[in-house]
Amino acid sequence: MSKIRVSLPDGSVKELEQGANILGLAASIGAGLAKAAIAARMDGELVDLTALLHDGAKVEIVTEKSPEALEIVRHTTSHLMAQAVKSLIPGAKVTIGPAIENGFYYDFDVEVPFSPEDLEKIELKMKELAKANSKLERLVLTKAEAIKLFCEMGETYKVELIEDLDVATVSLYRQGDFVDLCRGPHLPSTSFCKAFKLTSIAGAYWRGDERRKMLQRIYGTAFVDKKELDAYLSRLEEAKRRDHRKLGKELDLFSFSDEVGAGLVIWHPKGAMLRTILEDFERKEHLKRDYDIVLGPQILKTELWQRSGHYDNYRENMYFTEVDGQSYGVKPMNCLSHMMIYKSQLRSYRDLPLRYFELGTVHRHERAGVLHGLLRVRGFTQDDAHILCTPEQLDSEIKGVLAFVSDVMGIFGFEYEMELSTRPDKSIGSDDDWERATKALLGALQDSGREFEINEGDGAFYGPKIDIKLRDALDRKWQCATIQCDFTLPERFDLTYVAADGEKKRPVMVHRVILGAIERFIGVLIEHYAGNFPLWLSPVQAIVVTVTDNQIPHARSVYKTLRAAGVRVQQDLRNEKLGFKIREAQLQKIPYMLVVGDKEVESGTVAPRYRDGKNLSVMTAVEFIEFVNTEADNYR
RNA sequence: GCCGUUGUGGCUCAGGGGUAGAGCAGCUCACUCGUAAUGAGCAGGUCGUCGGUUCGAUUCCGACCAACGGCUCCA
């Protein structure tokens with residue numbers, strides 16, 4: 001019998017009998033590896049342990065410690081869940097069940113939606129089935145055979161999936177009496193699923209299309225062992241403690257009210273302070289970078305929205321009002337006023353680029369059901385700017401914006417993800433325009449040296465864009481900064497500039513935000529810091545606390561001195577024990593508590609205590625002011 | 001908009017067909033106290049809204065509103 005030779009990651013070559021599989025290879029290396037192996041990467045592709053080896057194959061054994069393990073574990077666990085659901089509810093139809101970022105899900109078509117109690121039953125069943133230790137067996141059928149099989153089983157969704165596949169054969173996996181269409185690979189048997197938990201139930205449209213049937217989705221998570229699962233679950237708990245909606249209430253930053261309306265934020269003093277600090281920061285940073293601050297009205301005539309195309313494309317998201325027989329639209333975007341400013345005079349190429357910046361408050365009627373704390377609201381303020389420049393200036397303008405984003409995110413210590421969205425099927429503008437703009441965005445991204453994703457065909461109909469996303473405490477992505485090229489508006493509003501040759505030319509427009517919506521940004525910011533804002537952002541930077549009533553005069557004078565110097569300070573002069581006041585200040589996450597007792601009165605000082613419990617050395621009010629200013633100047 | 005869950009004093013939550021309870025917060029009094037909760041007393045709710053069933057609804061049913069977890073859509 002002939003031998004085959006396969007190479008391993010360390011460069012060594014193993015000789016095996018013809019017909020050997022991965023498991024055999026692992027066993028030939030060592031019994032320990034054979035036991036730990038769950039799959040393999042052969043010639044770059046992930047495969048099952050039962051996959052046959054061929055001569056010259058490059059093989060890497062995947063164990064529970066491998067980075068690929070999690071996805072395989074989760075995928076197999078989703079099959080295990082489907083098996084459990086089918087055994088409990090035979091009439092359920094299975095659809096798709098992939099591994100996702102923090103776990104997996106599986107969508108089912110069931111007559112009666114799942115209840116939370118069902119979840120417990122399903123999880124119990126899964127444990128039972130895992131214990132049964134069924135082998136996951138890979139079968140390869142022709143398309144026709146597979147369609148016939150799933151038709152017989154009544155799995156119509158699977159039939160639809162297979163029909164859409166452009167292949168000759170498909171693979172199926174069988175575990176016990178459960179068979180599912182799947183590319184694989186999978187764990188060798190169900191007992192490898194030893195750490196999982198079903199987390200939630202949700203509705204989800206078949207194939208993500210809201211015109212199609214709503215299925216029932218079960219989300220779950222799985223890890224290679226119990227320890228990691230527990231660690232993940234406790235991270236989840238911790239994340240809930242950072243939830244901006246919870247902290248917003250606890251720290252008295254903002255609220256919502258049924259009486260006011262859904263998705264409309266009411267900023268309380270401390271939240272409004274935080275917002276004001278951010279807005280001041282933004283004005284300063286924009287002026288530094290040669291932007292001009294502009295301001296437009298909240299409502300503009302409906303005719304203008306018709307001209308811009310918003311009326312046709314965005315009407316259902318807009319609020320309208322009528323006065324004296326004239327219809328007005330409440331602005332959902334800030335661009336129109338900026339257009340009007342550009343058009344207010346004849347522009348020369350010498351004037352460009354023009355950068356109009358507005359902290360523009362907009363209103364959008366978001367569909368009920370999508371609202372989410374500060375992260376998705378109906379009225380919000382964008383740090384919006386429109387850059388009007390010559391086509392030649394586009395490159396450097398976009399680079400400038402990306403550098404701006406990087407600077408600002410650096411100050412807040414945010415990691416972010418960037419995505420480039422290119423021309424969709426339905427679009428306007430010339431090929432030339434699209435190519436130039438896409439190139440400019442791409443070039444700037446490459447130039448930034450950061451990683452980015454490309455979403456082909458995901459751009460706006462009016463131009464390509466770069467989206468920058470931040471994550472909330474629960475790891476959900478939220479778009480904040482965005483840079484969008486726009487070919488429509490300069491056209492529709494007939495914007496021109498006089499070029500060097502005296503000809504009138506069309507400027508290019510870039511629509512961009514840095515923080516995005518202040519509301520959303522603050523929501524993410526609260527979760528990022530878990531409410532422990534750095535000194536420069538803290539709505540309350542310090543609180544003067546007395547030990548007894550004896551220190552009230554000194555405390556008042558310290559408070560006045562700090563206030564006069566612009567420090568955001570409060571005073572707690574109540575007749576309460578120091579420990580009680582410290583606790584309250586700490587729960588409010590105030591950075592510095594300035595303790596004033598008899599000793600401090602005598603020496604004319606305060607004893608600053610940081611919210612982590614550490615004390616600074618005793619200092620005078622003036623020294624503390626200097627300290628605060630230095631910290632704040634360095635964005636600490 | 002769609003699917004599911006939830007909606008009880010300022011907050012967190014218990015209860016349940018016969019018109020409601022706890023802790024915290026609030027108020028009053030006492031204590032004058034050194035780095036995460038001093039003690040006692042008092043007050044506070046037409047149980048999200050509107051209908052229906054019932055002798056009787058906060059509890060059961062329906063609609064609506066809102067929140068929460070998702071889907072779709074988006075800053």
Side-chain angles (χ1 to χ4, degrees), chain A residues 105 107 110 112-116 118-119 199-219 240 243 245-246 249-250 252 255-263 314 316-317 332-333 360 362 364-378 380-384 460 467-470 474 476 478-482 484 511-521 523-524 545-552 574-588 593-600 607-615:
Chain A
Y105 67 79
D107 287 348
V110 283
V112 186
F114 296 116
S115 69
D118 291 334
L119 227 53
T199 49
S200 63
I201 310 161
Y205 299 107
W206 170 232
R207 299 202 143 178
D209 185 340
E210 67 178 319
R211 288 163 306 188
R212 303 179 86 157
K213 184 155 190 187
M214 177 147 284
L215 308 170
Q216 293 296 311
R217 173 173 298 180
I218 300 179
Y219 282 95
K240 281 180 192 154
D243 191 313
R245 292 163 299 186
K246 190 170 149 66
K249 202 178 277 178
E250 287 169 4
D252 196 19
S255 65
F256 293 92
S257 155
D258 284 10
E259 289 155 288
V260 172
Y314 207 72
E316 64 283 6
N317 284 297
M333 296 178 194
V362 297
R364 300 181 185 173
H365 183 84
E366 300 291 343
R367 294 159 100 186
V370 302
L371 301 176
H372 185 97
L374 289 181
L375 299 179
R376 189 81 181 266
V377 292
R378 284 185 174 151
F380 55 99
T381 300
Q382 294 177 300
D383 60 336
D384 204 359
D467 288 329
I468 288 160
K469 299 186 173 175
L470 302 179
L474 285 170
R476 293 177 288 214
W478 295 92
Q479 180 175 320
C480 290
T482 179
Q484 309 185 345
H511 169 114
R512 46 106 290 181
V513 289
I514 304 294
L515 305 185
I518 307 283
E519 284 75 4
R520 175 175 290 181
F521 187 77
V524 178
V545 290
T546 47
V547 177
T548 71
D549 290 352
N550 297 333
Q551 300 91 31
I552 289 178
R574 291 174 304 169
N575 176 17
E576 294 288 353
K577 288 180 121 175
L578 180 62
F580 180 76
K581 295 198 223 182
I582 295 274
R583 178 184 146 82
E584 285 203 342
Q586 183 108 9
L587 289 173
Q588 283 299 304
M593 294 152 232
L594 306 177
V595 177
V596 171
D598 286 340
K599 278 184 286 183
E600 286 74 24
R609 174 196 197 272
Y610 191 58
R611 63 186 157 205
D612 69 354
K614 292 198 187 86
N615 289 326

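Per chain, numbering begins at 1; letters A, B, ... match sequence-line order.
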With C1' as the reference atom in both, quote the distance from B:G44 to B:U5 in angstrom, rounded to an integer.
30 Å

For B:U53, what is the paired nucleotide under Watson-Crick or G-U wobble rules, both distances under 3.5 Å?
none

Tell me, please, which residues at least two apart from A:V362 pass side chain to side chain contact (heavy atoms under 4.5 Å, CB included).
A:K331, A:N334, A:R364, A:F380, A:Q382

Salt-bridge contact A:R207-A:D209 (side-chain N to carboxylate O under 4.0 Å):
no

For A:D467, enumerate each residue passing the salt bridge (Lys or Arg N to Asp or Glu O under 4.0 Å) test, keeping only those at least two apart in sequence or located in another chain.
A:K465

Answer for the Watson-Crick or wobble partner of B:G17, both distances under 3.5 Å, is none

Residue set satisfying side chain to side chain contact (heavy atoms under 4.5 Å, CB included) with A:L119, at least two apart, ordered chain then number -> A:L198, A:I201, A:I218

Given that both distances must come in under 3.5 Å, which nucleotide forms a Watson-Crick or G-U wobble pair with B:C73?
none

So, using side chain to side chain donor-acceptor pair (under 3.5 Å) as the criterion, who are the partners of A:T199 when residues are at least two apart?
none

In the 5' to 3' direction, the nucleotides of RNA chain B bounding the stretch that comes under 4.0 Å of a heavy atom in chain A are B:G1 to B:A75

Just name whichever nucleotide pairs with B:G4, Watson-Crick or G-U, keeping both distances under 3.5 Å, else none.
B:C68

Which residues pass the side chain to side chain contact (heavy atoms under 4.5 Å, CB included) test with A:N317, sequence neighbours left out?
A:Y314

Across all strands, who's sitting opposite B:C29 as a Watson-Crick or G-U wobble pair, both distances under 3.5 Å?
B:G39

